[in-house]
Amino acid sequence: MEVEFTKYHGLGNDFILIDNRTEEQPIITSEQAVQLCDRHFGIGADGVIFALPGQDGTDYTMRIFNSDGSEPEMCGNGIRCLAHFLSELEGTSAKTEYRIYTLGGVMLLKLEGDGIKVDMGVPQLMATQIPTTLASADEKVVNAPLDVAGQTWNVTCVSMGNPHCITFVEDAAAINLATLGPQFEHHAAFPQRTNTEFIQVVRPDYLKMRVWERGAGATLACGTGACATVVAGVLTGKSDRKSTVELPGGCLEIEWAENQRVYMTGPAKKVFAGKVSV
Ligand code: ZDP
């Protein structure tokens, strides 16, 4: 079968976008997604994203497969790519705002020139919601000790629909992601595995982040991770409610507003389009 796709990236976090508007289920399998994401034998990407028909009164549904074939609930950089993809698919009838159904909740997208602002919803903080066993069910996990690789780390856990484990460090550049990342991701304290962020506070309004993504490994950026980071920064008294998060691929502007919702603003760029046989 031949499938048309468009390749996008959000700060170097790259995705294969597929027009799935006439089918309720993704038109390729998770195994095929793994092959397409392969950087040597496929197109190359951190994940595959499908634009499906909306549900519950939304304009569209977004689903995503990570490069390992697992399916996350949400994807912050990917949903900005989806915004551009949808406005291109719709052409002259394109809107500047979309309501998108995801497994992590309903997200509101606003296209503002090259940038996209996303209402990422209210972060979930209780241990069962992450999920993690680091606290009892209805408790938050803030600066909790976690033993990984023979060291005790103080971690804060936040769900932005998907799980994040945040650690503040002196020097993010010194972190050995390839060694530590998998040990956090697969730690017994995280039954659904976890995304892991190492954060250096440059100023309360400027944080440097390196990320190990669940199911995708070290990536150049992670939108939900940047949002979770600012929430963790506020909970631990390390960051302002409004902060720039610098990732290896560039910067995102994040605000945890007084209404408790998190807003993320950043770019999305089309790279190329093509057809591939699966
Ligand atoms: O939760 C997960 O399994 C993530 N790997 C999903 C992808 C998150 C993403 N990097 C983001 O920007 O939020 C796309």
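Just so it is clear, the structure is predicted and the values come from calculations on it, not from any experiment. Read the numbers this way: they start at 1 and go in the same order the structure lists the ligands and their atoms. One is the number of the first residue; the rest follow in order along the sequence.
Contact between T219 and ligand 1 is absent, with no heavy atom of the residue lying under 4.0 Å from the ligand. Ligand 1 has at least one atom lying under 4.0 Å from a heavy atom of M74.
Between E213 and ligand 1, a contact under 3.5 Å exists for at least one N or O pair. Below 3.5 Å of separation, one finds no N or O of A216 facing any N or O of ligand 1.
The residues R241 and E255 are annotated as not salt-bridged, no charged nitrogen and carboxylate oxygen being separated by less than 4.0 angstrom. Salt-bridge check for R63 with E71: passed, with a basic side-chain N closer than 4.0 Å to an acidic carboxylate O. Under the 4.0 Å criterion applied to side-chain N and carboxylate O atoms, D14 and R39 are assigned as salt-bridge partners. A salt bridge is absent between D59 and R21: the closest approach of a Lys/Arg side-chain nitrogen to an acidic carboxylate oxygen does not fall below 4.0 angstrom. The residues R261 and D119 are annotated as salt-bridged, a charged nitrogen and a carboxylate oxygen being separated by less than 4.0 angstrom.
Evaluation of the side-chain hydrogen bond (donor to acceptor under 3.5 Å, both in side chains) test over residues 137-146, restricted to residues two or more places apart or in two chains, returns S136-E139.
With ligand atoms numbered from 1 in the order given, ligand 1 contributes 8 (C), 11 (C), 12 (O), 13 (O) to contacts under 4.0 Å with heavy atoms of T224. Below 4.0 Å from some heavy atom of N13 lie the following atoms of ligand 1, by number and element: 9 (C), 10 (N), 12 (O), 14 (C). Near P72, the atoms of ligand 1 lying under 4.0 angstrom from a non-hydrogen atom of the residue are 1 (O), 2 (C), 3 (O), 6 (C).
For atom 3 (O) of ligand 1, the closest non-hydrogen atom of the protein is R214 NE, 2.8 Å. Annotation: atom 14 (C) of ligand 1 to nearest protein heavy atom, C75 SG, 2.4 Å. Atom 12 (O) of ligand 1 has as its closest protein heavy atom G223 N, 2.6 Å. At the shortest separation from atom 4 (C) of ligand 1 among protein heavy atoms lies N195 OD1, 3.3 Å.
Looking at every heavy atom in both residues, S243 comes nearest to V230 through CB-CG2, 4.0 Å.
At a heavy-atom cutoff of 4.0 Å, ligand 1 is contacted by both the backbone and the side chain of N77.
Qualifying side chain to side chain contact (heavy atoms under 4.5 Å, CB included) partners for R214, counting only residues two or more places apart in sequence or in other chains: P72, E73, N162, P163, E185, Q192, R193, N195.
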